[in-house]
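Below: one structure, written as structure tokens.
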Number of protein chains: 2
Amino acid sequence: MLRVLIDRYVREGQPVGSRTLAREAGLELSPATIRNVMSDLEELGFIRAPHTSAGRVPTVQGYRFFVDTLLKVQPLDITSVEKMRLEFQAEQAPKNLIESASELLSGITHLAGVVTLPKHEHALFRRVEFLPLSENRVLAILVTSEGEVQNRMITTDRQCTASELQQASNYLNQLFQGKDLGAVRSTLLSEMQEARSTMNRMMVTAIQMADQVLEEKQSEDYVMAGQTNLMEFHELCDIEKLRNLFDAFNQKREILHLLDQCVHGDGIQIFIGDESGYQTLDECSMVTAPYQVDGEVVGVLGVIGPTRMAYERVIPIVDATARLLGAALNHKD
Amino acid sequence: MLRVLIDRYVREGQPVGSRTLAREAGLELSPATIRNVMSDLEELGFIRAPHTSAGRVPTVQGYRFFVDTLLKVQPLDITSVEKMRLEFQAEQAPKNLIESASELLSGITHLAGVVTLPKHEHALFRRVEFLPLSENRVLAILVTSEGEVQNRMITTDRQCTASELQQASNYLNQLFQGKDLGAVRSTLLSEMQEARSTMNRMMVTAIQMADQVLEEKQSEDYVMAGQTNLMEFHELCDIEKLRNLFDAFNQKREILHLLDQCVHGDGIQIFIGDESGYQTLDECSMVTAPYQVDGEVVGVLGVIGPTRMAYERVIPIVDATARLLGAALNHKD
DNA sequence: GATTGGCACTCTCTAACGGGGAGTGCCAAT
DNA sequence: ATTGGCACTCCCCGTTAGAGAGTGCCAATC
């Protein structure tokens, strides 16, 4: 019953009344019977009436119950998965894959797609290079085993010569080649403790630089696509709300925090309406799945849309995309 | 007269009538007189009445005339320029400066700010590096004199060994060190002609790779900030329009084409309403200025807002930002 | 006792109506 | 050339009324 109501509401976006529901549900029941049932559902807090004598709409608890207990996700058919896989087939830089993934998500679901950049904690250190720029500014370039390149401007406290820098990078390359970045970072930190006294000034600088490069990874980021899809849902078509929502997308902070929570829970994670705890997302839901490279979760992807979304359709899509993205990134090693 | 009307309309966003205008203009004239003048202005095509018995609003030609002939931009006062300069003061990577600039623009004007990434045609080749990734995939890293790092995945037709790659990068580094990227590119192209026969297979690969890296620069890009500011203008607060506008921002193609046109015209360039030729921007204006590094124009920045914008306030801001950004980027050499 | 039809009631939505207000155009007077 | 006056137009806004959809409850039915 609730299932049919939600199904209908998701499709039409209008409060649904007893007559419609009677017709919609396969069962041969009169509207009056339905009304009784709906009364019960309302008492349980699963649906509510926007006002007397409008139909009913699902509440957050309603969606939650629907998603948790009576949702059966139909697995995607093979051909459409194949179609998706092709999107990732072309050899691409990781950054492009991420973008493809978010576009794929938003394209198929007609919602907003979001993909966090992969964490590099478990990438392997490949090499670091320091190039002098001007006076006391140095360009540090870090290359990981995944073919990811990070670069960063560094200010040193004194001018370094080219050979000094060469020496520094040689030292670090030799020391860390092939190690995982997390390990590199922690080694660096402890090294910095004792370095003060025993190592020469230049090595300290080198370590500081390397540490700065690694720091970058902490500030995470995401890529988003299809925000404008959300304008199609009339329940969000309020300039005030839209503005807040888009501002939140640009700010990134709140969304990132939310996505972060999804890394830990394994598998699909769903926030419905105000469950997220952020007011700007009150009328939105988020369906996310972590994606893995080498069996390690390195990021999260998902979609953001109105609470009224076709969960049973979206969930398998998000799930599949996470798998495909993971696989595509794996290739790179 | 037109000036006063535009001024008022820009502030209030409402059609302005003869009585208001009579009060607003310092002159001691009766509404009736004003009406005659407005009649004339309407005949000239500078203003129009949305319907009988509403006030008048400026037309595109009205704005154009206003901007071209009777606009006197008041120069920015020193203190606010200083404030802006501070934003750029901090040593930053070019990419960050670009972002700061677009945020600055949108922040001060309350419109959308846009800044193209600087062209690198005139940057100097510093070095290129090739790292083997897997099978026949190679990571190419190009560093320019400006401290800009570009990296790109390259697929070769056969597997290259580390030493081959080393050799290739040595060759290129030696050949091109310190040359300007435009020159590098053209040299590469001509070299590729004769290379077929005389040079060994590996060098061809090297040139192909380098060429691929350089190609990247062609596809330009921009950074945008403050899109949501546009939601505050009620003449744009139509979901349909907003959606088209935001889609255009994401698509980038049209906007980029428009910005491209602004590189050539020197100094401030202004598109009002449908002058841009793109329907999505019909109700928008764009104020742009090219910015230079080393006396060479390398990019464009500007703001996008409703036709009803405070041109005399926006123009000097865009102008100043272009200068400041140029100066900040100059530092880097 | 679950199910049903009937009925009065509620509430929204829409269109129609009707001032009030703002602004115009024109004209005659200054 | 400028001005006040005046009739006219059109938007805007609040009111009203009717249609439509849906509900809750009650009594009848299987």
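Below, chains carry the letters A, B, ... as their sequence lines are ordered, and counting in each starts from 1. Heavy atoms only: backbone and side chains are in, while hydrogens, waters and symmetry mates are out.
- Residue pairs meeting the side-chain hydrogen bond (donor to acceptor under 3.5 Å, both in side chains) criterion with at least one member in residues 45-63 of chain A, sequence neighbours excluded, are Glu42(A)-Arg56(A).
- In this structure, CG of Leu29(A) is placed 13 Å from P of dA2(C), rounded to the nearest angstrom.
- The side-chain contact (heavy atoms from CB on, under 4.5 Å) check on Leu29(A) picks up Leu27(A), Thr33(A), Ile34(A), with sequence neighbours excluded.
- A salt bridge links Asp247(A) to Arg243(A): at least one charged side-chain nitrogen sits closer than 4.0 Å to a carboxylate oxygen.
- Between the NE2 atom of His51(A) and the C1' atom of dT10(C) there is a distance of 10 Å, given to the nearest Å.
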Ignoring hydrogens and angles, write down the donor-acceptor pairs under 3.5 Å from the side chains of residues 308-315 of chain B, residues two or more places apart or on other chains.
unit_1    : atom_1 : unit_2    : atom_2 : d
Arg308(B) : NE     : Glu235(B) : OE2    : 2.8
Arg308(B) : NH1    : Val10(B)  : O      : 2.9
Arg308(B) : NH2    : Glu235(B) : OE1    : 3.1
Tyr311(B) : OH     : Ser285(B) : OG     : 2.7
Tyr311(B) : OH     : Thr307(B) : O      : 2.7
Arg313(B) : NH2    : Ile108(B) : O      : 3.3

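- No donor-acceptor distance shorter than 3.5 angstrom exists from the side chain of Asp274(B) to the backbone of Gly277(B), with no hydrogens or angles considered.
- Residues meeting the salt bridge (Lys or Arg N to Asp or Glu O under 4.0 Å) test with Lys252(B), sequence neighbours left out: Asp221(B).
- Between the side chains of Asn36(A) and Ser39(A), not a single donor N or O lies within less than 3.5 Å of an accepting N or O.
- Note on Gln14(B): nothing from the nucleic acid sits closer than 4.0 angstrom, heavy atoms only.
- Thr109(B) places a side-chain N or O within donor-acceptor distance of the main-chain N or O of Leu105(B), the cut-off being under 3.5 Å.
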**OP:** Could you run through nucleotides 21-30 of chain C and give me one letter per nucleotide, 5' to 3': B if any protein heavy atom sits under 4.0 Å from the base, S if only the sugar-phosphate is that close, - if neither?
**Re:** -BBBB-----
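- In this structure, Glu24(A) atom CD and dG22(D) atom C1' are separated by 16 Å, rounded to whole Å.
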Original post:
According to the Watson-Crick and G-U wobble definition with distances under 3.5 Å, which dot-bracket string, read 5' to 3', encodes DNA chain C, using [ ] for crossing pairs and | for pairs with another strand?
Top reply: ||||||||||||||||||||||||||||||
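- At dT2(D), none of the side-chain N or O atoms of Ser30(B) fall inside 4.0 Å of OP1 or OP2 (strictly under the cut-off).
- Put simply, CD1 on Ile34(B) is 8 Å from P on dT3(D), counting in whole angstrom units.
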